[in-house]
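Quick caveat: nothing in here was measured; it's all calculated off a predicted structure. Positions are given from 1 along the sequence.
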Amino acid sequence: GTVAAVESGSRLAVGKSLVPEKVPECHCERPAGAWQSRNFFSVQDFSKDAGRNQNNSTYFMGLPELVKPEEKKKHYITAKNVAIFCAASVLGGFALLAGKKQILKTDFGKNILKYRNDFIDKYFKVPLEVGEDDMNNFTQKIRKTDFKNLAQRYSDIVIENKDDILNNGIYSFNKLDKLVKIPFTKIEVPLIEVVKTALVPFKLIKDLALIPYKFVSSIVLAAAKVSKTEAGAKITKFIEGSKKPSDDLAMLSTAYQNYQRKGKNLNDIEFKKYMENTIRAAFNKSNSGLDNSKLGRMTKDLVSMVTLYFVVLDDYILSLKQTKNQETAAQKGRERFVQNIMRMAVQLSLMDVFNDIFRIQYNNSLAGALHIAFWNTIATDIVTRKLVGKTITPMSKEKQEAHAKKAENGIAGKYHEFIKKLAI
């Protein structure tokens, strides 16, 4: 609401319209009947056009050329079709979520989930075993900082789960992600997330189809959490699922792994700074109970949806002023609508990919999070322009023509042709 009000106010302040404009009607007289005249008879027209070889044209006689009015084109992108797509996406998204939950309750679903988890544990996870003395040193070192409550929470988690995780003086925690280094760097990322990048094209299609559902479910989830009611708790459980019993152990094992990699050999001052940049991120919750990263993403997505209308409107008005043709202007607006929807889908997909691959760096520092966001934005723009057939570098006219010709061939050509037809 705030974004819409700010956008509306800023447009009114500079004299911009909030709604699509129309070409001013011409009140000049025109020949009556089903046929329309392109221009009226005049001596100048006769002198200018009589010598031209225009077969079957009334211009040769110096008379108005009669043109049969074109039939009204049918457009794919209309308010009705967009509303139908949004409704289908929202209903389909919630139906898929409910269906998935029902399948996982069956023996078939439980077996599939077990095979999946066993496969991931075998190839993409490593065990974390910690001695009692090492764990005590870890919590004692935290107590020397401003995070005494955090140290106590870790100790409580160990005590509560001691019978399950302690064996012969060794704590066996949940298996952690197997890490691999990016070539020519020291950056470590989860192996499973690197492998999952092969599924990005399929994820893009899914995200494109579920954009309306994701917005609606995010709003519903936020409202349910803020309400603090029994109904809100049920809605939260339906959308997010129940909290797993091992969540606390996973949090502790991840914190210890980070400590072992980066904080174990730091002095007290350095360790305190390390705690501020890493361990505090494990409790990245806002007062509403929402994860701040998810809340930030939801806010960004909602802002994109609100501004989408104004971006399309600006393209429509600019084209209308240049061409004085309402149909051409409407097509430009539809083209921009398609481009921005594609951009939002790509952004949703790549944001998840970047955040999952670089989640260690994302959670370790604000600088790391900003760095990831920077490269995510660049990748989003590059992929989006490629998907709509646009270049990513300046080109001469000849190169642009060659690029356009190349884009017309193969699967990419069929895809670009589909995008163009979608906007017609």
Side-chain angles (χ1 to χ4, degrees), residues 100 112-130 134 138 154 157 165 171-204 206-207 214 240-241 243-264 274-275 277-285 291-297 346-380 383:
K100 178 182 176 182
I112 292 295
L113 187 61
K114 181 179 182 303
Y115 292 142
R116 171 186 173 274
N117 292 338
D118 289 344
F119 178 81
I120 291 175
D121 287 345
K122 183 177 180 179
Y123 295 102
F124 300 103
K125 298 285 185 178
V126 291
L128 177 65
E129 296 182 342
V130 184
D134 290 332
F138 172 54
Y154 285 162
I157 293 172
I165 62 176
Y171 291 109
S172 297
F173 289 97
N174 298 343
K175 292 184 177 180
L176 301 175
D177 288 324
K178 184 182 293 185
L179 303 178
V180 293
K181 285 186 178 181
I182 296 178
F184 310 110
T185 71
K186 295 181 179 180
I187 300 175
E188 292 183 320
V189 296
L191 174 62
I192 188 172
E193 302 302 340
V194 175
V195 173
K196 283 165 63 176
T197 55
L199 302 177
V200 169
F202 303 99
K203 177 176 171 55
L204 175 60
K206 184 195 76 171
D207 288 341
K214 288 192 174 185
E240 282 194 329
K243 182 182 178 183
K244 298 179 181 178
S246 60
D247 277 357
D248 287 341
L249 288 175
M251 177 192 66
L252 175 56
S253 58
T254 301
Y256 186 85
Q257 185 191 43
N258 291 334
Y259 159 78
Q260 196 173 37
R261 290 171 55 247
K262 291 188 175 182
K264 190 173 183 178
Y274 159 80
M275 288 291 297
N277 294 333
T278 58
I279 305 301
R280 181 176 284 175
F283 297 91
N284 188 22
K285 301 287 184 180
D291 184 280
N292 282 340
S293 62
K294 292 182 179 179
L295 183 61
R297 184 184 305 179
V346 171
Q347 195 171 49
L348 284 171
S349 298
L350 292 186
M351 189 182 296
D352 288 338
V353 171
F354 272 74
N355 288 349
D356 289 339
I357 291 178
F358 300 103
R359 61 171 173 259
I360 296 174
Q361 293 75 20
Y362 188 91
N363 291 327
N364 277 356
S365 67
L366 179 60
L370 292 174
H371 202 65
I372 293 166
F374 171 78
W375 287 109
N376 176 45
T377 302
I378 292 178
T380 296
V383 174

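Classification of K122 and D118 as a salt-bridged pair fails, no side-chain N sitting under 4.0 Å from a carboxylate O.
Side-chain contact between F124 and D177 is absent, with no heavy-atom pair separated by less than 4.5 Å. Side-chain contact between V189 and V180 is present, with heavy atoms from C-beta onward closer than 4.5 Å. Between L191 and Y123 there is no side-chain heavy-atom pair separated by less than 4.5 Å.
Here CG of N376 is found 12.5 Å from CG of L370. Values are rounded to the nearest 0.5 Å. To the nearest 0.5 Å, atoms CG (D121) and NZ (K114) are separated by 10.0 Å. The distance from the CG atom of L128 to the CD1 atom of I165 is 10.0 Å, given to the nearest 0.5 Å. The line from NZ of K178 to CD1 of I120 is 12.5 Å long, rounded to the nearest 0.5 Å. Here the straight-line distance linking atom CD of E193 with atom NZ of K196 works out to 4.0 Å at 0.5 Å rounding. Note that CG of D352 is 4.0 Å distant from NZ of K203, once rounded to the nearest 0.5 Å.
Counting all heavy atoms, side chain and backbone alike, I357 lies closest to P190 at O-CD, 3.1 Å. Nearest approach of D207 to S349, heavy atoms of both residues: OD2-OG, 2.6 Å. For I182 against T185, the heavy-atom pair with the smallest separation is O-OG1, 2.7 Å.
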Item to complete: Could you walk me through whether D134 and Y256 pass the side-chain contact (heavy atoms from CB on, under 4.5 Å) test, one step at a time?
Response: CA-CA 10 Å; D134 290 332; Y256 186 85; 3.3 Å; yes
Worksheet item: Yes or no on side-chain contact (heavy atoms from CB on, under 4.5 Å) for F354 and T380, after CA distance, side-chain angles and deciding distance?
Response: CA-CA 11 Å; F354 272 74; T380 296; over 6 Å; no
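Listed for the Y274 side chain is a donor-acceptor partner under 3.5 Å among the backbone atoms of Y259.
Listed by first then second residue, pairs satisfying salt bridge (charged side-chain N to carboxylate O under 4.0 Å, His left out) with a partner in residues 180-190 read E188-R261, not counting sequence neighbours.
Relative ring orientation between W375 and H371 is described as perpendicular, the plane-to-plane angle rising above 60° on a 0-90° scale split at 30° and 60°.
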